[in-house]
Structure formats: structure tokens, C-alpha cells
Amino acid sequence: MVTRPPLSENELLENASKIAGKTLQQIAIKQGIETPEDQHRHKGWIGQLLEHSLGATAGSLPEPDFLHIGVELKTLPLNHLGTPKESTYVCAINLTSPESRWENSLVKHKLSRVLWLPVEADPDIPLAARRIGSAILWSPDKDQESVLRRDWEELMDMIAMGELEQITAHQGQYLQIRPKASNSKALCKGINSEGEEILTLPRGFYLRTILTRQILIQHDLKIK
DNA sequence: AGCTGATCATAT
DNA sequence: ATATGATCAGCT
């Protein structure tokens with residue numbers, strides 16, 4: 001099944017509503033794709049399945065999933081309580097020439113328009129049987145953006161000061177910085193407090209579940 | 001049970 | 001090594 005890229009947000013939402021309630025296996029069969037037993041060696045499988053299913057264009061290019069309508073697709077794994085089970089990866093961080101302004105940052109741009117697609121992720125449900133939920137088209141509201149901005153500025157200040165080795169995932173209310181690498185031996189360049197080049201773990205920005213939980217709640221309240 | 005640090009796959 | 005897509009798994 002070939003899915004044409006959506007030409008508008010409404011078309012994207014309509015396409016998303018058509019797969020709401022379906023199982024991952026139902027979608028995979030339509031795509032002619034095998035469903036793996038589990039995600040241990042297929043961590044990105046659901047995201048890529050749903051990208052294809054909704055006609056995303058970007059592939060592994062540094063572009064929004066739906067380029068011409070400027071929308072990013074994020075799956076949102078839900079536990080047995082229906083709340084987010086995992087944090088959400090946003091983007092990698094250039095540690096040698098850190099961005100200086102929130103307004104121009106990759107995080108702000110990536111999060112400016114996101115289609116959240118909830119998916120059951122209770123480990124008791126076999127991967128093939130997990131159902132897709134109702135999509136949420138989201139942009140940060142004023143309060144959310146101000147917290148994101150504060151977190152980003154605090155963390156990027158530390159990187160700019162050469163304090164990246166002092167950064168821990170404990171920092172940040174909505175945004176946190178964690179390793180984003182193949183393993184702990186895959187290193188990249190960074191800058192220390194003396195301005196010298198060092199080798200360090202690649203890092204990425206992640207959204208805490210406290211924010212994605214809030215997004216789900218906001219949406220539910222809007223429906224009712 | 002939640003969270004942080006580590007890890008897995010694929011394409012370029 | 002970097003981009004994409006994320007989840008795993010041990011510790012508190």
C-alpha cells in the first residue's frame with residue numbers, strides 16, 4: 001500500500017483517524033511488512049511503520065516528517081494506565097558549536113508542530129496486537145514553551161561554558177539531556193571548560209513524560 | 001515503579 | 001560520525 005504525503009494538516013488528521021483503533025499487525029500487513037516478535041532489536045519499528053502508513057517523506061533526512069506542511073510525527077508509547085511509558089527523543093546536540101538562541105534552536109523548530117500518535121506499549125500485549133490511538137496535533141502553548149525555553153537555556157548555557165560533563169538527566173523540567181549513541185564507547189567531539197576539544201558521549205534532548213502526559217490530558221479535556 | 005544512562009537498527 | 005526511529009535494563 002502506497003500512501004501519498006498529506007497535502008494539509010486536515011488530510012493528515014483524516015489519515016490518522018483511519019488507523020486509530022487498528023493493531024500494529026493490521027497496519028504492517030497493509031504495508032507488506034513482517035511484524036517482529038518484540039522490539040528488542042527493532043526499537044524504531046513502530047515509528048517507521050506509522051511514518052510509512054501516513055505518507056511521511058523525510059526518511060533519515062534532517063527534515064520534518066511531513067515536509068511541506070511542517071509537521072513532525074512522534075509515536076507515544078502508553079503503559080497499561082494509558083500514560084506515556086517513555087521519554088521522547090527530540091534531536092541531537094552539536095557539542096562543539098552550541099546553538100546560542102532558543103528562537104533559532106532545533107528543539108524549538110522540531111516541537112513547533114507535532115502529530116502525537118499514541119500506541120499501546122504494555123509489555124503484556126504482544127507487539128502485533130497493540131492498538132493505535134487517536135492522534136493529537138500539538139504545538140506548545142505559552143506555558144509549555146516558556147518551560148521548554150528555560151530548560152533549553154539552562155542546559156545550553158552549561159554546554160557553552162564547557163560544563164557538558166556536569167550535565168545529568170536529572171536537570172530540566174520538560175527537557176532533559178541524555179546520551180544518544182550506539183553504546184558508551186561511541187564518542188564525539190565536545191569542548192571542555194578550558195576551551196579544549198575532548199571526546200565525549202553524543203547527547204540528545206528528550207522530552208520528559210510529565211510534558212507528554214500533560215499533552216494527553218489537555219487533549220482529553222478538549223474532547224469532553 | 002520511575003528514572004537515568006546505555007543501547008539497537010538503518011540510511012547517508 | 002550523523003541523521004532518522006526509539007526502547008532497554010539496572011539502580012534507586
Side-chain angles (χ1 to χ4, degrees), chain A residues 5 24 27-28 31 33-67 71-99 105-107 109-111 114-128 130 132 151 155 164-191 197-214:
Chain A
L24 296 179
I27 304 303
Q31 304 290 134
I33 294 171
E34 291 275 318
T35 304
E37 268 304 301
D38 60 57
Q39 290 173 290
H40 195 167
R41 295 185 178 278
H42 304 272
K43 294 182 180 180
W45 183 76
I46 296 177
Q48 301 195 328
L49 178 74
L50 298 178
E51 276 184 358
H52 292 140
S53 180
L54 293 176
T57 53
S60 67
L61 302 175
E63 294 173 348
D65 295 303
F66 303 99
L67 183 58
V71 176
E72 181 75 17
L73 177 67
K74 290 290 185 192
T75 60
L76 191 55
L78 304 183
N79 61 24
H80 68 109
L81 298 174
T83 63
K85 181 188 170 192
E86 296 281 355
S87 55
T88 302
Y89 173 67
V90 181
C91 59
I93 308 170
N94 184 330
L95 300 174
T96 53
S97 58
E99 295 169 335
S105 70
L106 196 47
V107 172
H109 288 133
K110 286 251 181 190
L111 297 183
V114 178
L115 187 77
W116 295 101
L117 203 44
V119 179
E120 286 180 329
D122 179 346
D124 288 345
I125 308 173
L127 187 57
R130 294 184 190 175
I132 299 162
D151 289 343
L155 292 162
L164 69 93
E165 303 290 22
Q166 277 71 62
I167 292 176
T168 155
H170 295 279
Q171 292 168 259
Q173 188 177 335
Y174 288 168
L175 265 184
Q176 63 180 172
I177 289 180
R178 305 218 306 276
K180 167 65 171 169
S182 295
N183 55 60
S184 60
K185 280 140 192 127
L187 304 177
C188 70
K189 289 175 184 173
I191 305 289
E197 204 168 77
I198 58 169
L199 285 179
T200 187
L201 278 174
R203 317 298 165 89
F205 279 111
Y206 294 80
L207 296 179
R208 291 183 179 280
T209 56
I210 189 171
L211 174 58
T212 48
R213 186 156 56 235
Q214 188 184 111

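Only a predicted model underlies this, so the values are computations on that prediction, with no experimental measurement involved. In the text below, chain A, chain B and the rest are named by the order of the sequence lines, each starting its count at 1.
- A straight line from CZ of A:Phe205 to P of C:dG5 spans 17 Å, rounded to a whole angstrom.
- Between A:Thr168 and B:dT4 there is no side-chain polar atom (N or O) within less than 4.0 angstrom of OP1 or OP2.
- Between the CH2 atom of A:Trp45 and the P atom of C:dT7 there is a distance of 12 Å, rounded to whole Å.
- In this structure the side chain of A:Leu24 reaches within 4.5 angstrom of the side chain of A:Ile132, judged on heavy atoms.
- In this entry the distance linking NZ of A:Lys110 with P of C:dT2 reads 15 Å, nearest Å.
- In this view, A:Pro5 and A:Thr57, A:His68 satisfy the side chain to side chain contact (heavy atoms under 4.5 Å, CB included) rule, not counting sequence neighbours.
- Contacts between residues 79-94 of chain A and DNA chain B, defined by a heavy-atom separation under 4.0 Å, are absent.
- Taking atom CD1 of residue A:Ile210 and atom P of nucleotide B:dG2, one finds them 13 Å apart after rounding to whole Å.
- Scanning for ring-ring contact (aromatic ring centres under 6.0 Å, His included) contacts around A:Tyr89 gives A:Tyr206, with sequence neighbours left out.
- Distances were taken from every side-chain heavy atom of A:Glu51 (C-beta onward) to each of C:dG5, C:dC8, C:dT4; the shortest belongs to C:dG5.
- Formation of a donor-acceptor pair under 3.5 Å by the A:His42 side chain with backbone atoms of A:Asp38 is not found in this model.
- Side-chain contact between A:Lys110 and A:Phe205 is absent, with no heavy atoms from C-beta onward closer than 4.5 Å.
- Taking the side chain to side chain contact (heavy atoms under 4.5 Å, CB included) definition, one finds that A:Thr209 meets it with A:Pro84, A:Thr212, A:Arg213, sequence neighbours left out.
- The nearest pair of heavy atoms linking A:Leu164 to A:Ile191 is CD2-O, 3.7 Å.
- Listed by chain and residue number, nothing satisfies the side chain to side chain contact (heavy atoms under 4.5 Å, CB included) test with A:Glu34 (two or more places apart in sequence, or in another chain).
- Within the 4.0 angstrom heavy-atom criterion, no nucleotide atom of any strand lies near A:Pro202.
- Scored by the side chain to side chain contact (heavy atoms under 4.5 Å, CB included) test, A:Ile125 finds A:Glu120, A:Asp122, A:Ala129, A:Arg130 as partners (sequence neighbours excluded).
- The interatomic distance linking A:Leu207 (CG) with C:dA6 (P) rounds to 12 Å, in whole Å.
- Among the atoms of the strands shown, none is found under 4.0 Å from any heavy atom of A:Glu63.
- Take A:Glu37 and apply the side chain to side chain donor-acceptor pair (under 3.5 Å) test, not counting sequence neighbours, and it matches no residue.
- For the helix from B:dA1-C:dT12 to B:dT12-C:dA1, the end axes, each set by the C1' atoms of five terminal pairs, are bent relative to each other by 30° (nearest 10°).
- The residue A:Lys189 sits apart from the nucleic acid: no heavy atom pair falls under 4.0 Å.
- Residue pairs meeting the salt bridge (charged side-chain N to carboxylate O under 4.0 Å, His left out) criterion with at least one partner in residues 71-89 of chain A, sequence neighbours excluded, are absent.
- Annotation: salt bridge (charged side-chain N to carboxylate O under 4.0 Å, His left out) contacts involving residues 165-182 of chain A, sequence neighbours excluded, comprise A:Glu165-A:Arg203.
- Under a 3.5 Å cut-off, the side chain of A:Arg41 and the backbone N or O of A:Pro36 do not form any donor-acceptor pair.
- In this structure, the side chain of A:Glu99 engages the main chain of A:Leu106 through a donor-acceptor pair within 3.5 Å.
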Practice prompt. Quick one, give me the B/S/- string for nucleotides 6-12 of chain B, reading 5' to 3', where B means a protein heavy atom under 4.0 Å from the base and S means that only happens at the primed atoms, P, OP1 or OP2.
Written response: BBBS--S
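- One can place NE2 of A:His170 at 10 Å from C1' of C:dC11, the figure rounded to the nearest angstrom.
- Less than 4.0 Å separates DNA chain C from no heavy atom of any residue of residues 114-123 of chain A.
- Rounded to a whole Å, the CD1 atom of A:Ile33 is 16 Å from the P atom of C:dG5.
- If you measure from atom CZ of A:Arg213 to atom P of B:dC3, you get 7 Å, rounded to the nearest angstrom.
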